[in-house]
Colleague: 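Have a look at the structure that comes next, please.
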2 protein chains.
Amino acid sequence: MATGRGLNNTALVVLGMIAAGRRNGYEISRTVGVSTRFFWPASVGGIYPELRRLEDAGLLEAEDDPRGEAIRHSYALTPAGRAALRDWLADDALGHFEMRNEDLLRLFFAAELDVDGQVAILRKLRAGHEAQLEQLESGARPAAERGAGPNRLLVLDYGIALHRSAAEWCRQAEARLLGR
Amino acid sequence: MATGRGLNNTALVVLGMIAAGRRNGYEISRTVGVSTRFFWPASVGGIYPELRRLEDAGLLEAEDDPRGEAIRHSYALTPAGRAALRDWLADDALGHFEMRNEDLLRLFFAAELDVDGQVAILRKLRAGHEAQLEQLESGARPAAERGAGPNRLLVLDYGIALHRSAAEWCRQAEARLLGR
DNA sequence: TTCCACATGTAACTAGTTACATGATTGA
DNA sequence: TCAATCATGTAACTAGTTACATGTGGAA
């Protein structure tokens with residue numbers, strides 16, 4: 001448990017975010033929204049219960065941090081929490097990898113459509129990559145430039161590179177399809 | 001419902017596979033295992049119940065196809081099933097896109113580790129892409145060359161291109177990290 | 001006769017999303 | 001005073017994975 005196991009998808013991102021400094025649930029969920037969600041989604045509804053679970057497990061300690069009348073808690077890692085995080089970070093096994101791309105599935109089955117329909121799918125696939133690219137370049141990347149360390153920028157750049165080359169691949173595939 | 005809605009992730013891949021010709025659950029699950037799983041996972045445990053649900057919904061028709069004493073069913077699309085598939089394929093809205101990459105999340109939080117630890121994560125990230133690449137090039141691609149249409153090859157080539165450029169990105173990032 | 005591929009199915013579990021509900025603070 | 005943002009939380013739902021259970025056919 002303290003060896004990095006028993007941590008679900010939400011727990012991993014929560015622990016990692018708090019490692020960089022005290023955070024409350026709202027801040028974590030905001031940061032996820034402009035950074036990890038591109039490669040590690042986690043929704044608000046899962047974050048709050050997970051914070052309490054991690055506190056119960058002794059990996060986090062909560063502190064009351066009221067804002068006027070409003071309730072607010074901020075969390076920090078306990079030594080056990082930091083150890084669990086490090087164990088997970090240093091784990092030798094290949095990490096979980098998963099991808100779901102509906103337009104790619106459409107393309108896979110596109111024999112059912114005429115060429116126009118197939119081109120439309122390719123364009124949509126490209127549009128999706130361009131949209132992600134846009135969000136990374138104009139949203140996430142500028143936000144990370146103020147304050148985030150080099151690793152975080154590195155990861156965003158990975159995303160930018162990937163979506164850019166995917167979009168380029170789509171452009172070429174479209175040209176080939178039309179040239180047939 | 002017949003407009004392409006009410007179809008869950010498993011239903012989409014099941015319908016698409018059957019559109020190309022009569023199939024049984026086992027065949028679908030095998031084909032998923034060497035093709036769509038790279039961008040659209042679906043597990044056996046979900047496929048059989050979904051086949052029955054789609055039959056109940058009138059999108060599939062089942063036929064007994066015993067193999068000696070052993071029970072076997074093969075499924076074909078009904079006209080309603082083909083209409084639902086076409087509606088989904090021709091849907092204008094951007095498709096669902098999701099990615100989960102644990103080693104990328106590790107890299108994101110790698111400030112917690114020393115440079116050696118960071119390099120190890122980058123190598124693992126690369127190894128993951130190379131493993132996918134290997135499976136696509138040596139497993140999926142050759143299998144698809146016998147029998148699969150051009151769209152299927154196209155999709156596998158997309159995967160190959162993507163993982164190859166991701167692996168290349170990792171190699172460069174590692175060099176930069178060591179050069180610091 | 002043994003093993004592997006073929007073939008189907010279910011139950012239990014785990015996880016995660018969406019939507020809703022509530023209320024305080026801040027700035028325009 | 002109004003809207004947006006901050007902040008926390010829960011309930012209902014949907015989905016999906018894993019593991020188990022069972023048995024046949026064909027090849028070596």
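Lettering of chains follows the sequences in order, A, B, ..., and the numbering in each one begins at 1. Keep in mind the model is a prediction, meaning the values are calculated, not measured. The analysis underlying the following values was restricted to heavy atoms, covering all of them including side chains, and did not include hydrogens, waters or symmetry mates.
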Colleague: Starting from C1' on C:dG16, measure out to CD on A:Glu50 and report it in whole angstrom.
Modeller: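 Interatomic distance, CD of A:Glu50 to C1' of C:dG16: 11 Å.
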Colleague: Side chains of A:Gln118 and A:Arg123: any donor to acceptor distance under 3.5 Å?
Modeller: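 Checked: A:Arg123/A:Gln118 side chains show no N/O donor-acceptor pair below 3.5 Å.
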Colleague: For ring pair (Phe, Tyr, Trp, His ring centres under 6.0 Å), just list the numbers for A:Phe39 and A:Tyr158, CA-CA rounded to whole Å, side-chain angles, deciding distance to a tenth of an Å, and then say yes or no.
Modeller: CA-CA 10 Å; A:Phe39 55 92; A:Tyr158 165 101; 8.0 Å; no
Colleague: In this structure, how many angstroms lie between the P atom of D:dT17 and the CH2 atom of B:Trp40, rounded?
Modeller: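 Spelled out: CH2 on B:Trp40 to P on D:dT17 is 12 Å.
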Colleague: Rounded off to whole Å, could you give me the CZ-to-C1' distance for the A:Arg23 and D:dC6 pair?
Modeller: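 Taking CZ of A:Arg23 and C1' of D:dC6, I get 16 Å after rounding.
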Colleague: Relative to the 5' end of DNA chain D, which residue comes earlier, B:Glu69 or A:Val44, by the nucleotide with the nearest heavy atom?
Modeller: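 Counting from the 5' end, the first nearest nucleotide belongs to A:Val44.
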Colleague: Quick one: B:Ile47 CD1 to D:dA15 P, roughly how many Å, whole number?
Modeller: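 Those two atoms, CD1 and P, are 16 Å apart.
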Colleague: With distance as the sole criterion, is a donor-acceptor pair present between the side chains of B:Glu174 and B:Trp169 under 3.5 Å?
Modeller: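 No - no donor-acceptor pair under 3.5 Å links their side chains.
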Colleague: For A:Ile71, I'd like to know if atom CD1 has over 12 heavy atoms of other residues, nucleotides or ligands within 6.0 Å.
Modeller: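 Not buried by this count: 12 neighbours or fewer within 6.0 Å.
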Colleague: Check whether any side-chain N or O of B:Tyr26 sits under 4.0 Å from OP1 or OP2 of C:dC6, and answer yes or no.
Modeller: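 So the side chain of B:Tyr26 is within the cut-off, an N or O lying under 4.0 Å from OP1 or OP2 of C:dC6.
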Colleague: Relative to the 5' end of DNA chain C, which residue comes earlier, B:Gly45 or A:Ile71, by the nucleotide with the nearest heavy atom?
Modeller: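 The 5'-side residue here is B:Gly45.
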Colleague: Expressed in angstrom and rounded to an integer, what is the separation of A:Arg30 atom CZ from D:dA4 atom P?
Modeller: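 Those two atoms, CZ and P, are 16 Å apart.
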Colleague: Please report the C-alpha distance between B:His73 and B:Tyr26 in whole Å, then the side-chain angles of each, then the deciding distance to 0.1 Å, and finally whether the ring pair (Phe, Tyr, Trp, His ring centres under 6.0 Å) criterion is met.
Modeller: CA-CA 10 Å; B:His73 319 291; B:Tyr26 186 73; over 10 Å; no
Colleague: With a 4.0 Å limit, can you tell me whether A:Asn9 has a side-chain N or O closer than that to the phosphate oxygens OP1/OP2 of C:dG16?
Modeller: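 It does, given that an N or O in the side chain of A:Asn9 lies less than 4.0 Å from OP1 or OP2 of C:dG16.
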Colleague: Whole angstrom is fine here: how far is it from CG in A:Leu7 over to P in C:dG16?
Modeller: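 Atom CG in A:Leu7 sits about 12 Å away from atom P in C:dG16.
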Colleague: Expressed in angstrom and rounded to an integer, what is the separation of B:Arg100 atom CZ from D:dA15 atom C1'?
Modeller: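 Rounded to the whole Å, the gap is 14 Å.
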Colleague: Of the options D:dT8, C:dA7, C:dT10, whose atoms approach the side-chain atoms of A:Tyr48 most closely?
Modeller: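 Nearest to the side chain of A:Tyr48 among the choices is D:dT8.
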Colleague: Side chain of B:Arg72 only, please: which of D:dA7, C:dA7, D:dT17 is the nearest?
Modeller: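 When the side chain of B:Arg72 is considered, C:dA7 is the closest of D:dA7, C:dA7, D:dT17.
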Colleague: Taking OP1 and OP2 of D:dT14, is either one under 4.0 Å from a side-chain nitrogen or oxygen of B:Asn8?
Modeller: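 No, outside the criterion.
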Colleague: Let me know the distance between CD of A:Glu63 and P of D:dA7, rounded to the nearest Å.
Modeller: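 Answer to the nearest Å: 15 Å.
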Colleague: Counting only side-chain heavy atoms from C-beta out, which of C:dG9, C:dT18, D:dG25 sits nearest to A:Ser43?
Modeller: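 The answer is C:dT18, which lies nearest to the side chain.
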Colleague: Between A:Thr10 and B:Gly46, who's closer to the 5' end of DNA chain C by nearest nucleotide?
Modeller: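 In this pair, the answer is B:Gly46.
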Colleague: Please determine whether a side-chain nitrogen or oxygen atom of B:Arg53 lies at a distance below 4.0 Å from atom OP1 or OP2 of D:dT14.
Modeller: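 So the side chain of B:Arg53 is outside the cut-off, no N or O lying under 4.0 Å from OP1 or OP2 of D:dT14.
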Colleague: Give a yes/no answer on whether the side chain of B:Asn24 brings an N or O atom under 4.0 Å of OP1 or OP2 in C:dC6.
Modeller: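 So the side-chain polar atoms of B:Asn24 never come under 4.0 Å of the phosphate oxygens OP1 or OP2 of C:dC6.
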